[in-house]
Enquirer: 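Structure below; questions to follow.
Note that the numbering runs from 1 along the sequence shown for the chain. Each ligand, and each atom within it, is numbered from 1 in the order the structure gives.
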Amino acid sequence: MAAPAGSIRPQRVYPSSRMIPSATPVRDQFARPLGSLRLSVTDRCNMRCSYCMPETEYTWLPRASLLTFEELTRVTRIFASLGVRKVRLTGGEPLLRHGLPVLVRELAAVAGVDEIALTTNGLLLRRSAGELRDAGLDRVTVSLDTLRPERALVFSRTANHADTIDGVRAAREAGFAGVKLNTVVIRGFNDDELIDLLEFSREHGAETRFIEYMDVGGATRWSMDDVVSRERMLAIIESRYGRVDALHDGGPAPAERYRLPDGLSFGIIASTTAPFCRSCDRSRLTAAGTWLLCLYADDGVDLREPLRGNATDDEIAGLIRSRWQQRTDRGAEARLGIPDRGVLYQVESLRADPRREMHTRGG
Ligand code: SAM
Ligand code: SF4
Ligand code: SF4
């Protein structure tokens, strides 16, 4: 992707190793390419959103198990050699990982990676937005569920809601184009704010993506009754603005995009009622190096051990290739077929294996 005018994005160069980006990505059992990689850089968070981290106690990953920047860069280079073109930094709260711009600069130099994005709650964005942009970060998504500080206090246990709002401003001021705002819509919490959130996005030159509440690991209060479907969201929006047009812009991105009669665009990710598994090209790496082929996967592939052992890049690439080629995961679609669907994991199961938590595997 070409860097916007004025950007001092570092040049991507071929590394000295033999890891040359593949022209043809590895494909799974449903011909889905290995295209995008989410790197969770920490499992820690400075918020406690009730759809993600509602408990009071958590089992944290041991610090020594977290992949170093060198390991993250090496593994990204290997993934790029197999077809990965997009990398998203997430967590936990990725801005809690000390020195994140240093990692961004290293990833920006990996040949084959066209786009580096960040998903953040925005609380700490003001202080690093410029540095991240200079290091080569392409895109920022800020999670913003409410415009009301008193709701954020109860729902996400943060008293610093103003810092998230300021983080959205900071991203724009730092020169990020197309800032996205992620809003998980929950019945009785923020389904009365859709219009206010759309107007906020207009005012800040951003694009909102409304996300259906998902029964992922960690959502231990999830209930189908609290899910606001895409149809319901569209009905609320149309009752205020009139007919909304679908944009049908294709691609593997999960958000269906729409346009209001006045031209404002927004997205809806119907990951619960209409999952997009059939075109899913994404996988995730926990901060401790477990590679997950699906957000709903019970278990993953340990890449830390080979990274820290004597495995060569080619051996690790071979492991990743063969596991992706065997991939049949369609987690969210499988959940659709479950009658009386309840939570995915009970708290005890999450405590026993924190890699099942959304905040550990990276949303
Ligand atoms: N802490 C960062 C943030 O909140 O942006 C990054 C990690 S967070 C796990 C990534 C995304 O997952 C956020 O946009 C969040 O709203 C979303 N998420 C977490 N739990 C969810 C759930 N139960 N249903 C839908 N989206 C969820
Ligand atoms: Fe909220 Fe993100 Fe933290 Fe989860 S990881 S509690 S979504 S801020
Ligand atoms: Fe992809 Fe799994 Fe999510 Fe389906 S549930 S879209 S296969 S990560």
Enquirer: Using a strict 4.0 Å cut-off to heavy atoms of Asn121, name the atoms of ligand 1 that fall inside it.
Expert: 2 (C), 3 (C), 5 (O)
Enquirer: Under 4.0 Å, heavy atoms only, figure out whether ligand 1 is touched by the backbone of Asp215, its side chain, both or neither.
Expert: neither
Enquirer: Would you check whether Gly92 reaches within less than 4.0 Å of ligand 1, judged by its heavy atoms?
Expert: yes
Enquirer: Quick check on contacts: which atoms of ligand 3 are under 4.0 angstrom from a heavy atom of Cys280?
Expert: 1 (Fe), 6 (S), 7 (S), 8 (S)
Enquirer: Do the ring planes of Phe189 and Phe155 sit parallel (below 30°), tilted (30 to 60°) or perpendicular (above 60°)?
Expert: parallel
Enquirer: More than 12 heavy atoms of other residues, nucleotides or ligands under 6.0 Å from CZ of Arg278: yes or no?
Expert: no
Enquirer: Would one find more than 12 heavy atoms of other residues, nucleotides or ligands at under 6.0 Å from atom CD of Gln346?
Expert: no
Enquirer: Could you identify the single nearest non-hydrogen protein atom to atom 6 (S) of ligand 2 and state the distance to 0.1 Å?
Expert: Cys49 N, 3.3 Å
Enquirer: What protein heavy atom sits nearest atom 21 (C) of ligand 1, and how far away is it?
Expert: Tyr51 CD1, 3.5 Å
Enquirer: Would you mind checking which non-hydrogen protein atom is closest to atom 10 (C) of ligand 1, with the distance to 0.1 Å?
Expert: Gly363 CA, 3.7 Å
Enquirer: Heavy-atom contacts with Thr90 under 4.0 Å: which atoms of ligand 1 show up? List them by number with element.
Expert: 6 (C), 7 (C)
Enquirer: Could you list the atoms of ligand 3 found under 4.0 angstrom from a heavy atom of Tyr296?
Expert: 5 (S)
Enquirer: How about CZ on Arg259, more than 12 heavy atoms from neighbouring residues, nucleotides or ligands closer than 6.0 Å, or not?
Expert: no
Enquirer: Within ligand 1, which atoms have a heavy atom of Asn182 less than 4.0 Å away?
Expert: 14 (O)
Enquirer: List ligand 3 atoms under 4.0 Å from Cys294, heavy atoms only on the residue side.
Expert: 2 (Fe), 5 (S), 7 (S), 8 (S)
Enquirer: Can you sort out which atoms of ligand 3 are near Phe276, meaning under 4.0 Å from one of its heavy atoms?
Expert: 6 (S)
Enquirer: Can you label the angle between the Tyr213 ring and the Tyr51 ring as parallel, tilted or perpendicular, going by 30° and 60°?
Expert: perpendicular
Enquirer: Give the atoms of ligand 3, by number and element, whose distance to some non-hydrogen atom of Asp329 is under 4.0 Å.
Expert: 7 (S)
Enquirer: Would you say the ring centroid of Phe79 lies under 6.0 angstrom from that of Trp324?
Expert: no
Enquirer: Look at atom 3 (Fe) of ligand 2 and say which protein heavy atom is nearest, naming residue and atom and giving the distance to 0.1 Å.
Expert: Cys45 SG, 2.3 Å
Enquirer: For atom 14 (O) of ligand 1, what's the nearest protein heavy atom and its distance?
Expert: Ser143 OG, 2.8 Å
Enquirer: By the definition side chain to side chain donor-acceptor pair (under 3.5 Å), identify the one residue from Gln325, Gln326, Arg327, Arg323 that meets it with Asp28.
Expert: Arg327
Enquirer: For ligand 1 and Tyr213, I'd like to know whether there is a polar contact (N/O to N/O, distance under 3.5 Å).
Expert: no
Enquirer: Report, as yes or no, whether the 6.0 Å neighbourhood of atom CZ on Arg127 holds more than 12 heavy atoms from other residues, nucleotides or ligands.
Expert: no
Enquirer: Please list, in number order, the atoms of ligand 1 under 4.0 Å from a heavy atom of Cys52.
Expert: 19 (C), 20 (N)
Enquirer: Taking only heavy atoms of Gly91 into account, list the atoms of ligand 1 that are under 4.0 Å away from them.
Expert: 7 (C), 9 (C)
Enquirer: Would you say Glu212 contacts ligand 1, with heavy atoms under 4.0 Å as the rule?
Expert: yes
Enquirer: In ligand 3, which numbered atoms sit nearer than 4.0 Å to a non-hydrogen atom of Ala332?
Expert: 5 (S)
Enquirer: Decide whether an N or O pair under 3.5 Å exists between Glu93 and ligand 1.
Expert: yes
Enquirer: CZ of Arg126: more than 12 outside heavy atoms within 6.0 angstrom?
Expert: yes
Enquirer: When you measure from the heavy atoms of Met358 to every atom of ligand 1, does any distance fall below 4.0 Å?
Expert: yes
Enquirer: Give a yes/no answer: is there an N/O/S atom of Cys277 under 2.8 Å from atom 4 (Fe) of ligand 3?
Expert: yes
Enquirer: Hey, does Met214 come in under 3.5 Å of ligand 1, counting only N/O atoms on both sides?
Expert: yes
Enquirer: Please determine if atom 1 (Fe) of ligand 2 has an N/O/S atom from Cys52 lying under 2.8 Å away.
Expert: no
Enquirer: Out of all atoms in ligand 3, which are within 4.0 Å of some heavy atom of Leu295? Include the element for each.
Expert: 2 (Fe), 8 (S)
